[in-house]
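First the structure, in the form of structure tokens, and then the observations on it.
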There are 2 protein chains.
Amino acid sequence: MQQWAQQAAVPPVHVRREGRSQDLWEAALTLFAERGYRGTTTRDLARELGMRAPSLYNHMRSKQEVLRDIMFTTMERALEAQREALEGTDAAAEQLRRVSEAHARLVIRHRREVLITHREVPSLGEEDRAVISGKQRKYVRVLRAIIERGLAAGRFDVESPLVAAFAVLEMLNGLEKWYRETGRHSEDDVVRQYGDFALGIARTKESRRGSVTGI
Amino acid sequence: MQQWAQQAAVPPVHVRREGRSQDLWEAALTLFAERGYRGTTTRDLARELGMRAPSLYNHMRSKQEVLRDIMFTTMERALEAQREALEGTDAAAEQLRRVSEAHARLVIRHRREVLITHREVPSLGEEDRAVISGKQRKYVRVLRAIIERGLAAGRFDVESPLVAAFAVLEMLNGLEKWYRETGRHSEDDVVRQYGDFALGIARTKESRRGSVTGI
DNA sequence: CCTACCGATCGGTAGG
DNA sequence: CCTACCGATCGGTAGG
């Protein structure tokens, strides 16, 4: 048995990929993001690596597994970034800002991963889809809890913390749709603005009907 | 030649569909939204209508054409709703509220259409993709113009009207991801809250760093 | 509306 | 890493 005949191990979430395995990961991110998972063939992936389709199977178990790895890794990264952002402060407004900025930064730095994760849910099998949906619900639950605490403390003013949580989250995720590293908008600038936007959503007392037209 | 052998005419954007043509439209919306365009086969569509795949071609020219019709119609509806919402007022804040509420209502009422339109861009041919992208850019341009005017008038406070426009738009589009007509959140309630959120994003002076922690 | 059918393409395997 | 190849499935056509 030669060395290229070894099956690549399933990489845990935070393991660094190397060589061809890393190249495949990169090619999959780019092609899945551009053409969609089902619009990307194993031949497309292979061509990107300068090899033939069957050779891919020395680096992956299946195309489906690559998609699942991308989506699982991305959700784990998001949850971890959320946890980290919560450390160090108990003030709801500051927590919302930190969590929002951390999420905005993650979307900017892992644009293709986030795009794929949100678009390709229907491309997963039932089991995997349930796992991903569970992680997404968990993410929203934390966001809602922050808003609820801020509301109870009189810092925020929203009708429904859950609705506000969804609004904040999807606004942040929307970055995947337009952000490009063109230099026109630096990462830090955009991150800060999105932090402001998140607080603008949660602190809407001032922009309610009546007060708006009455300014 | 029998009556069912006639080719269905390509339906203009606002023509009312009838009978089987309407059934096909409905089935396509549901299946494309749930499984994705490429995850839906002509056999799936046919089964939904109680017929065999080849019979579909009495009601459509191709599967691709159905997708294009859905996406074109949806973008046209959005632009039309935007135009209508702008009539009757010149105040930027009120325009932003009306446009945002109109868009939120459209997303709620045409959830599947909006979802498909945003997710299936990679499933379009190059030409169609360019047309859809053009319409999306046009939509953002109007939103940005409103925010720019409000900024000039001192009603809004954002660093970049374009960035704010994207944030508002993607927050509104995010409704497609979670809104279900469960009765837990009435359409009117959610629409009003999202109008508030949009103004919260545009009027961020109060939530800037410093003033937030200083409250 | 149907049956019969087709060329193309797909993800993946065998075997070296 | 390759060539050879395969069973399954796809969108769509022919012809009635």
Side-chain angles (χ1 to χ4, degrees), chain A residues 1-10 17-28 31-32 34-71 116 120 122-126 128, chain B residues 1-10 17-28 31-32 34-71 116 120 122-126 128:
Chain A
M1 195 175 262
Q2 292 150 67
Q3 98 279 359
W4 43 256
Q6 294 161 11
Q7 184 68 249
V10 185
R17 285 157 218 280
E18 298 171 341
R20 289 316 230 179
S21 188
Q22 167 67 18
D23 296 343
L24 170 58
W25 185 258
E26 267 299 314
L31 294 181
F32 290 175
E34 275 176 12
R35 312 178 187 180
Y37 172 74
R38 290 186 212 252
T40 303
T41 69
T42 54
R43 274 109 177 141
D44 292 334
L45 282 168
R47 193 181 312 117
E48 206 76 3
L49 303 183
M51 55 172 72
R52 309 293 181 134
S55 303
L56 286 176
Y57 291 83
N58 293 301
H59 306 288
M60 67 182 194
R61 276 208 248 274
S62 67
K63 187 186 151 195
Q64 179 71 210
E65 192 198 52
V66 174
L67 177 66
R68 190 179 51 223
D69 280 353
I70 291 172
M71 295 177 68
I116 292 165
E120 300 295 347
S123 303
L124 287 178
E126 270 187 58
D128 292 334
Chain B
M1 195 177 267
Q2 291 149 68
Q3 99 276 0
W4 43 257
Q6 293 161 14
Q7 184 68 250
V10 185
R17 285 158 218 279
E18 297 171 343
R20 289 318 228 176
S21 189
Q22 168 66 18
D23 296 342
L24 170 59
W25 186 258
E26 267 298 314
L31 294 181
F32 290 176
E34 275 177 12
R35 313 178 186 181
Y37 172 74
R38 290 186 213 251
T40 304
T41 69
T42 53
R43 273 109 178 141
D44 292 335
L45 282 168
R47 193 180 312 115
E48 205 77 4
L49 302 183
M51 55 173 72
R52 309 293 182 135
S55 303
L56 286 176
Y57 291 83
N58 292 301
H59 305 289
M60 66 182 195
R61 277 208 248 275
S62 68
K63 187 186 151 195
Q64 179 72 210
E65 192 198 52
V66 174
L67 177 66
R68 191 179 49 223
D69 280 353
I70 290 172
M71 296 177 67
I116 292 164
E120 300 295 347
S123 303
L124 287 178
E126 270 188 59
D128 291 334

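Computation of the quantities below employed the complete heavy-atom set of this structure, encompassing side-chain atoms and omitting hydrogens, waters and symmetry-equivalent molecules. We name chains A, B, ... by the order of the sequence lines, and we start the count at 1 in each one.
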[X] [atom1] - [N] [atom2] separation (whole Å):
{"X": "R38(B)", "N": "dC10(D)", "atom1": "CZ", "atom2": "C1'", "value": "12 Å"}
{"X": "N58(B)", "N": "dG16(D)", "atom1": "CG", "atom2": "P", "value": "16 Å"}
{"X": "L56(A)", "N": "dG11(C)", "atom1": "CG", "atom2": "P", "value": "10 Å"}
{"X": "L67(B)", "N": "dG11(D)", "atom1": "CG", "atom2": "C1'", "value": "14 Å"}
{"X": "Y57(B)", "N": "dC1(C)", "atom1": "OH", "atom2": "P", "value": "15 Å"}
{"X": "L49(A)", "N": "dC2(D)", "atom1": "CG", "atom2": "P", "value": "10 Å"}
{"X": "R61(A)", "N": "dG11(C)", "atom1": "CZ", "atom2": "P", "value": "19 Å"}
{"X": "M51(A)", "N": "dG12(C)", "atom1": "CE", "atom2": "C1'", "value": "16 Å"}

query: Quick one: is dT3(C) close enough that its OP1 or OP2 comes under 4.0 Å of any side-chain N or O from R52(B)?
result: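 Yes, because at least one side-chain N or O of R52(B) sits under 4.0 Å from OP1 or OP2 of dT3(C).
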
- request: For R20(A), answer base if it contacts any base atom (sugar-phosphate contacts may also be present), sugar-phosphate if it contacts only those atoms, and nothing otherwise; contact means non-hydrogen atoms under 4.0 Å.
  value: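 Sugar-phosphate contact only.
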
- prompt: Contact class for S55(B) (heavy atom, under 4.0 Å): base, sugar-phosphate, or nothing?
  reply: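 If one applies the 4.0 Å heavy-atom cut-off, S55(B) turns out to touch a base.
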
Output the distance between atom [atom1] ([X]) and atom [atom2] ([Y]), rounded to the nearest 0.5 Å.
{"X": "W25(B)", "Y": "H59(B)", "atom1": "CH2", "atom2": "NE2", "value": "15.0 Å"}
{"X": "S62(B)", "Y": "L67(B)", "atom1": "OG", "atom2": "CG", "value": "9.5 Å"}
{"X": "R68(A)", "Y": "L124(A)", "atom1": "CZ", "atom2": "CG", "value": "8.5 Å"}

message: Taking pairing as Watson-Crick or G-U wobble with both contacts under 3.5 Å, can you name the mate of dG16(C), or confirm there isn't one?
response: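 Answer to the pairing question: dC1(D), which forms a Watson-Crick or G-U pair with dG16(C).
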
State which of [options] makes the closest approach to the side chain of [X].
{"X": "K63(B)", "options": "dG12(D), dG11(C), dC2(C)", "value": "dG12(D)"}
{"X": "R43(A)", "options": "dC1(D), dG11(C), dC10(D)", "value": "dG11(C)"}
{"X": "P54(B)", "options": "dT13(D), dG11(D), dT13(C)", "value": "dT13(D)"}

- request: Would you check if there is a donor-acceptor pair between the side chains of D44(B) and T41(B) at a distance under 3.5 Å?
  value: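 Present: a donor and an acceptor within the cut-off.
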
message: Out of the candidates Q64(A), K63(A), E65(A), only one should pair with R61(A) under the side chain to side chain contact (heavy atoms under 4.5 Å, CB included) rule; please name it.
response: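 That would be E65(A).
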
